[in-house]
Amino acid sequence: MINLTIFGQLIAFAIFVLFCMKFVWPPLIGAINERQRKIEEGLNAAEKAKADLVSAEKQVEAEFAAAKTEAASIIERANKTANQMIEDAKEQARLEGERIIVAAHAAVEQEAAQTREQLRSQVASLAVLGAEKILQDKINEQEHASMLEQLAAKL
């Protein structure tokens, strides 16, 4: 029972298959290949991004460690500078104290010398007055200046 319609259907089917192979399958295969290529590129990009993320994390850790080290160094230098400033201030205060003590000693010595001179002159005057009373005669200070100087030097 093969008749002409089967041959017609067979020819139509063959034409349909040839048409599909010529015009339908190439764009579909191209679209499928393009989609596969894009998926592969996406996967490759994801792998690359993952590798970059790991690299960036390592770099961040390294920079964080370096920043920690630098911060510790800065703090150490600041502490050293502060200690040095304290030591310098102590040294300046010590030197200023010594200078004040030396100046005070000099002032005391000067006052003591002035007081001694005043006492000598007062003792000399008293000695002259005492001698006047004893001798009931006035002693001339000009004539006996060397005697008064010797007396003042002994005091």
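For clarity, every value in this text was computed on a predicted model and none was experimentally measured. Values reported hereafter were calculated over all heavy atoms of this structure, with side chains retained and with hydrogens, waters and symmetry mates removed.
For the atom pair NZ of Lys90 and CG of Asn83, the computed distance is 9.0 Å after rounding to the nearest 0.5 Å. Here Cys20 contributes atom SG and Lys22 contributes atom NZ; the two are 13.5 Å apart, rounded to the nearest 0.5 Å. To the nearest 0.5 Å, the span separating CD1 on Ile39 from CD on Glu34 amounts to 10.5 Å. A distance of 15.0 Å separates NZ of Lys68 from OG of Ser73, quoted to the nearest 0.5 Å. Taking CD1 of Ile15 as the reference point, atom CD1 of Ile11 lies at 7.0 Å (rounded to 0.5 Å). If you take CG on Asn79 and CD1 on Ile86, they are separated by 9.5 Å, rounding to the nearest 0.5 Å.
Both Phe13 and Met21 are assigned to one and the same hydrophobic cluster, defined by single-linkage of ILVMFWY side chains at heavy-atom distances under 4.5 Å. Cluster membership check: Phe16 does not share its hydrophobic cluster with Val24, using side-chain heavy-atom separations under 4.5 Å among Ile, Leu, Val, Met, Phe, Trp and Tyr. The hydrophobic clustering, which links ILVMFWY residues whose side-chain heavy atoms are closer than 4.5 Å, places Phe23 and Leu28 together.
A distance-only check finds a donor-acceptor pair linking the side chain of Thr115 to the backbone of Glu111 [under 3.5 Å].
Gln92 and Glu96 share no donor-acceptor pair across their side chains, judged by distance under 3.5 Å alone. A side-chain donor-acceptor contact under 3.5 Å links Gln84 and Asp88.
Counting heavy atoms of neighbouring residues, nucleotides and ligands inside a 6.0 Å radius, atom CD1 of Ile29 exceeds 12 of them.
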Next item on the list: Would you check, one step at a time, whether the test side-chain hydrogen bond (donor to acceptor under 3.5 Å, both in side chains) holds for Gln59 with Glu63?
Entry: CA-CA 6 Å; Gln59 186 177 3; Glu63 287 181 14; 3.3 Å; yes
Margin query: Using salt bridge (Lys or Arg N to Asp or Glu O under 4.0 Å), reason through Glu91 and Arg94 one step at a time and then give a plain yes or no.
Written below: CA-CA 5 Å; Glu91 181 65 20; Arg94 186 186 63 76; 2.4 Å; yes
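Contact check on Arg37 versus Glu40 returns no salt bridge, with no Lys/Arg side-chain nitrogen under 4.0 Å from an Asp/Glu carboxylate oxygen. Comment: Lys58 does not engage Glu61 in a salt bridge, judged by the lack of any side-chain N to carboxylate O separation of less than 4.0 angstrom.
Counting only heavy atoms from C-beta outward, the side chains of Ile74 and Arg77 approach each other to under 4.5 Å.
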